[in-house]
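So the structure is just underneath, and the comments pick up after that.
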Amino acid sequence: MSESTKLVPTEPQRLLVIDGHSMAFRAFYALPAENFATDTGQHTNAVHGFVSMLLTMIRQQKPTHVAVAFDLDTPTFRSLEYTEYKGGRNKTPEEFYGQIDLIQKVMEAMNIPTITMDGFEADDIIATLAAQGEAAGLDVLVVSGDRDAFQLITEKTLVLYPKKGISDIPPMDAAAVEAKYFVRPDQYSDLAALVGETADNLPGVPGVGPKTAAKWINLYGGLAGILENINQIKGKVGDSLREHVDNVSRNRHLNHLLRDLELPVGIDAMVLERPNREAIEELFDALQFNTLRKRLFDLFGDEPDDAPEAAEIAEHQDLADAAAIRTWFASHGAALVGLHAATVPAGGGADVIGLAFAASDANAYVSLERIDADTEAALAQVLAAPGYAKAVHDFKGTYKLLAARGLELAGVQDDTMITAYLIQPDRRSHELADIAQVHLKLSLEVDAPAGNGQLALDLEGPDTATPAVRAAHAVRELSLHLAPMLAERGGDKLLTEMEMPLSLVLAEMEMAGIAIDTAKLDELYDDFTKTIDAATAEAYAAIDGEEVNLSSPKQLQVVLFEKLDLPKTKKIKTGFTTDAESLADLLAKTGHPFLVALMAYRDATKLRQTVEGLRKAVAEDGRIHTTYAQTVAATGRLSSLNPNLQNIPVRSEEGRRIREVFIVGEGYETLLTADYSQIEMRIMAHLSKDEGLIQAYAEGEDLHRFVGSHVFGVAPQEVTNEMRSKVKAMSYGLAYGLSSFGLSKQLKISVDEARTLMKEYFARFGAVRDYLRAVVDKARIDGYTETIFGRRRYLPELASDNRQLRDIAERAALNAPIQGSAADIIKRAMLGVHEALREQGLKSRMLLQVHDELVLEVAAGEVETVEALVRKHMGSAADLLVPLDVQVGLGRSWQDAAH
DNA sequence: GCCGCGACGTA
DNA sequence: CGTACGTCGCGGCG
C-alpha cells in the first residue's frame with residue numbers, strides 16, 4: 001500500500017475507477033456503430049463513447065487519480081467454480097471487436113493505467129482499488145454498469161451506475177441504494193444472491209424478487225439470518241427458497257468481490273497527468289476523432305495544433321434587452337448564424353422558451369421567459385430580417401414554434417435537417433443529435449425528450465441555454481459542412497427551390513388544419529361499436545361461447561388451428577398468420593361462421609380505431625392539424641403523422657363514411673380535391689419513352705383497356721373487366737419490381753400464366769422492360785438512382801453479396817425514380833398553387849396532400865379561379881412526354897368532393 | 001414503460 | 001418472392 005499521494009489539504013483527493021468493459025459496452029450500444037468507422041472500416045463507436053464519457057467525468061468530477069479495470073478472456077475463479085457462469089450470453093457483436101484494444105491504447109496515451117488480473121474480473125480489481133483508495137484517504141468514485149458494485153458503497157465510496165436515457169444521474173450513495181432496494185449497500189450482495197442475476201446466468205430463488213428479498217433481509221438481518229431461520233419462512237416462496245437454497249449460497253459466494261488482490265499498479269501511478277500529446281495526435285488521427293481531440297486538449301488546457309478558430313462553444317452571451325440584441329446582430333450577424341429554439345413540453349406539443357444563436361465568433365441566447373415588449377420587438381426584427389442569414393435544423397418546426405408566439409422567421413437559407421436528408425434520404429433519423437454525430441462526430445445532448453435510446457454521455461446541468469447554444473453552434477457547423485456536400489451531389493437546387501419553400505407551404509397547411517364534423521365522428525364511433533359488439537357475440541357463439549380476445553393474433557391462432565383445427569395458413573415468426581387474406585382463404589375452404597364474424601370484427605375495429613384516433617386529434621379550433629414529415633420517406637414523398645391523414649379509408653363503403661367528417665370550415669364555401677390520374681404510369685411512359693404507352697396517353701384512352709387489348713390481342717372494346725384488372729395489376733406491379741411469382745399470387749393464377757402475361761406485356765411494351773433494366777444497371781454503376789428533378793437515393797446494397805438484400809435494393813432502385821418523380825411533381829405543383837393563391841390575393845388555401853391528391857378549402861366566390869389555377873399548376877408541374885391529367889371535385893366534405 | 005410483432009389503412 | 005409510409009393492440013421484458 002502506498003502512502004505517497006500528494007496531500008492537498010483544501011481539495012479532497014478523488015480516485016475515479018472505471019469498469020472498462022462494461023462502460024465500453026454501454027457506449028457501444030448507445031452510439032450507432034454504422035456512424036462511427038474509420039476509412040479502413042474499423043468501428044470506433046465504443047471507443048468514441050468511452051473517451052467522451054471519460055472526458056465528461058474528468059471535467060465534472062475533477063478526479064486527482066484515475067484507473068480503468070478490464071476483464072481478461074482467461075478463466076476466472078468464478079468460471080472455474082461454476083462453469084455456467086456468465087453462460088448463455090450472446091456473442092459479442094462483430095463491430096465490437098478490436099475496440100477494447102483501442103480504448104486501452106487511448107488510455108496509455110492519456111497516461112491512465114489500465115489494470116487486468118489473470119484469474120480475476122474487473123469487479124475484483126475495482127473492489128480492491130476502492131479499498132486501497134479509501135485506505136489512502138481518497139474519495140472513490142466507481143463507474144460501472146454492474147450492480148454488484150453497489151456492495152462497495154461506503155461514506156467514502158460512491159458508485160455511478162449509468163442508465164440509458166437519463167442524462168444527469170447523481171452517483172449512488174448508501175441512501176440511494178436503500179431508497180431503491182430497501183437494503184444497505186453491504187446487504188446488496190445478499191439481495192442479489194436471493195434474486196439472482198440473469199446477465200451472469202446465476203438463477204436465484206424463483207418467485208423471489210427484490211421486494212421479497214429485501215423484506216427477509218430486514219427481518220433476519222441478512223442472508224446468514226435468513227438461512228438460520230429458513231424453516232420459519234412460510235408460503236410458496238418459503239418452499240421455493242428451501243428448494244433453491246444452493247443457488248443462493250453459490251450466488252452469494254460468486255458475487256462477493258475480492259478486495260485484497262495484489263495489483264500490479266500502485267495508487268500513485270494513478271495520479272491524473274497530462275496526456276502524451278504526440279501519442280494522442282497519432283491515435284486520434286487514425287481514429288478520425290477531431291471533436292474529441294479538441295475536447296481532450298481543452299480539458300487539459302492544451303491547444304491542438306490544428307485548433308479550429310471556432311468559438312468556444314460552451315460560452316455565450318445572454319442578450320437581455322433590445323440594445324444587446326441589435327448590437328450582437330450588428331457585429332456578428334453578417335455571416336451565417338446558426339439558430340436553435342430551446343423548448344419545453346407543453347400539452348402534447350412544445351413551447352419556445354428561448355433562442356440560441358451561433359455566429360462565427362460568438363454565441364448568444366435570448367430567453368423568452370419574462371421578456372419585455374421592447375426586447376421582444378428587437379428579437380422579432382432580427383428574426384424576420386432576410387438580411388441576417390440563418391441556418392436552422394427543422395425549419396418547419398421552428399417556424400411553427402415561433403409563429404405560435406407571433407414571431408416571424410425569415411432569412412433562413414439552410415435547413416440542415418433537409419440538407420442531411422437530401423444527402424442520405426435512407427437514414428431513419430435526421431435528428432440534430434444524430435446528424436451532428438455522423439457528420440461532425442459531435443455528441444450533443446439536445447433539449448429533446450430523453451429516452452431515444454441514447455446514453456447521455458454528456459452530463460449537463462439543468463441549464464437550458466447551454467445545450468441550445470451548443471445545438472445552434474452545431475447547426476452552423478453542419479450547414480457549412482453539408483452545403484458543399486449537397487452541392488457536389490447536385491442537390492442544392494432541390495433544397496433551395498423545392499424543399500425549403502415547401503416547408504413554408506407545409507407549415508401553413510399544418511397550422512390551417514382541416515375542419516371536422518365532431519358530431520358525425522361520434523356517431524360513427526357508436527355505429528362501429530355496435531358492429532363490433534355484434535360481431536364479437538357472433539364470434540363467441542361460433543366457438544362454444546369461448547371468450548377469446550379477437551384482437552390477439554396469438555389467441556386467434558389457438559382458436560383457429562387448435563380448437564377448430566382449420567387448415568394451416570402461411571408460417572410467420574409466431575406461428576401461422578391470421579391476416580385478412582388467409583382468413584378469406586380459410587372461409588372459402590371451410591365456410592366456418594367464426595371466420596365471418598372475425599372478419600367483420602377486424603374491419604369494424606380498424607375503422608373504430610381510425611375514428612378514435614381522429615377524435616383525439618381534434619384541436620380546440622375544431623380542426624385536425626396533421627404534421628407532415630419532410631425528411632422521412634426515402635423516395636422523396638411526404639409522410640403524415642399525429643394523426644396520419646394519408647391513410648384515411650377510401651376503398652370500402654363503410655370506410656368512406658369517415659371521409660364525410662372532414663368538412664369545409666366556417667367562412668369557406670367548399671372543399672376541393674384535385675388528383676393526378678395514374679401519375680406513376682405516366683412517369684413510367686415518360687422515362688421509358690415507350691411509344692405504345694405514350695400514344696395511349698396522347699389519345700386519352702383508358703390506359704388499362706389499351707394495354708389489355710395489346711397484351712391479349714383483342715380490340716379495345718373487347719377487353720373484359722377481368723382482362724383489364726389483370727393488366728392493371730401488372731402495370732402497377734412493374735413499378736415495384738413485381739415478379740411472375742408475385743403476380744401469380746396476386747391474381748390467383750398459375751406462375752406459368754403470369755409469366756406468359758408478362759411476356760406478352762413486354763413484347764408489346766418493350767421499352768418498359770428496357771427502361772427497368774437500365775435503371776438498375778445504371779444504379780449499380782452510379783450507386784444511386786435519380787428522379788426527373790435530380791433527387792438521388794443511394795443504394796449501396798445493390799453491390800451486396802447477400803442475395804436477399806441485393807434483390808430488395810434492386811426493387812427499391814426500380815421504384816425510387818418513379819415514386820420519387822411523382823413526389824417531386826406534386827411538390828412543384830404545391831409551390832405553384834400556393835404562390836398563385838398568394839399572388840392573386842385569394843383567401844382559399846391548401847389543407848392536405850395525399851401523395852397524388854391535394855385538398856383545398858375554397859373561399860366564397862373563388863371556386864372557378866381556384867379550380868383553374870389548381871388545374872394549371874398541377875398540370876404544368878413537369879414537362880413530360882405525356883400529359884398530366886388532373887381530376888377535380890367539389891363538395892362540403894372530403895367524401896363529397898371526391899369524384 | 002419500452003419494444004418487436006402482426007395486422008392493416010393509404011398512395 | 002411488390003414500393004413507400006404510420007398507427008394500433010398485444011404480449012414479453014424490465
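Here is how names work: the chains are called A, B, and so on, in the same order as the sequence lines, proteins then strands, and each is numbered from 1. Just so it is clear, the structure is predicted and the values come from calculations on it, not from any experiment.
Nearest nucleotide to the side chain of Thr578(A), out of dG6(C), dG11(C), dA7(B): dA7(B). Among the nucleotides dA7(B), dC5(C), dT10(B), the one closest to any side-chain atom of Val650(A) is dT10(B). Minimum atom distance to the side chain of Lys606(A) is reached by dT7(C), of the listed dC1(C), dT7(C), dG11(C). The side chain of Phe741(A) has dC1(C) as its nearest neighbour among dA4(C), dC1(C), dG11(C). Each of dG11(C), dG6(C), dG9(B) was ranked by its minimum atom distance to the side chain of Asp603(A); first place goes to dG9(B). Here the side chain of Arg811(A) is nearest to one of dT7(C), dT3(C), dC10(C), namely dT3(C). With dA4(C), dG2(C), dA7(B) as the candidates, the nucleotide lying closest to the side chain of Ala633(A) is dA4(C). Closest to the Asn647(A) side chain, of the nucleotides dC5(C), dG9(B), dC1(C), is dG9(B). Taking every side-chain heavy atom of Ala634(A) into account, dC5(C) is the closest of dG6(C), dA7(B), dC5(C). Among dC5(C), dG9(B), dA4(C), the nucleotide with an atom closest to any side-chain atom of Pro649(A) is dG9(B).
Heavy-atom distances under 4.0 Å link DNA chain B to no residue of residues 812-829 of chain A.
Taking for each of Asn642(A) and Gly742(A) the nucleotide of DNA chain C with the nearest heavy atom, the 5'-most of the two is the partner of Gly742(A).
Not a single donor-acceptor pair, N or O on each side, falls under 3.5 Å between the base of dC5(B) and the side chain of Lys573(A). If you check distances only, the side chain of Arg637(A) does reach the base of dA11(B) with a donor-acceptor pair under 3.5 Å.
Around NZ of Lys759(A), the count of heavy atoms belonging to other residues, nucleotides or ligands within 6.0 Å does not exceed 12.
Residue Ser740(A) is classed as having no contact, given no heavy-atom separation below 4.0 Å to the nucleic acid. Within the nucleic acid shown, Glu853(A) has no heavy atom closer than 4.0 Å to any nucleic acid atom. Within 4.0 Å of Leu638(A), counting heavy atoms only, lies no atom of the nucleic acid at all. Nucleic acid contact for Lys554(A): sugar-phosphate only, since backbone atoms but no base atoms lie under 4.0 Å from a heavy atom of the residue.
Under the side chain to side chain donor-acceptor pair (under 3.5 Å) rule, Arg793(A) has a single partner from Asn815(A), Thr635(A), Asp426(A), which is Asp426(A).
The nearest whole Å value for the distance from the NE2 atom in His851(A) to the P atom in dC5(C) is 10 Å.
If you take CD on Glu753(A) and NZ on Lys748(A), they are separated by 14.0 Å, rounding to the nearest 0.5 Å. Note that NE2 of His625(A) is 10.5 Å distant from CD of Glu510(A), once rounded to the nearest 0.5 Å.
Phosphate proximity of dA11(B) to Arg651(A): present, with a side-chain N or O under 4.0 Å from OP1 or OP2. In this model, the phosphate group of dT10(B) is not approached by any side-chain N or O of Ser640(A) to a distance below 4.0 Å at OP1 or OP2. Listed pair Arg793(A) / dA4(C) meets the phosphate criterion, a side-chain N or O lying under 4.0 Å from OP1 or OP2.
Between dC5(B) and dC1(C), the distance separating the two P atoms is 16 Å to the nearest Å.
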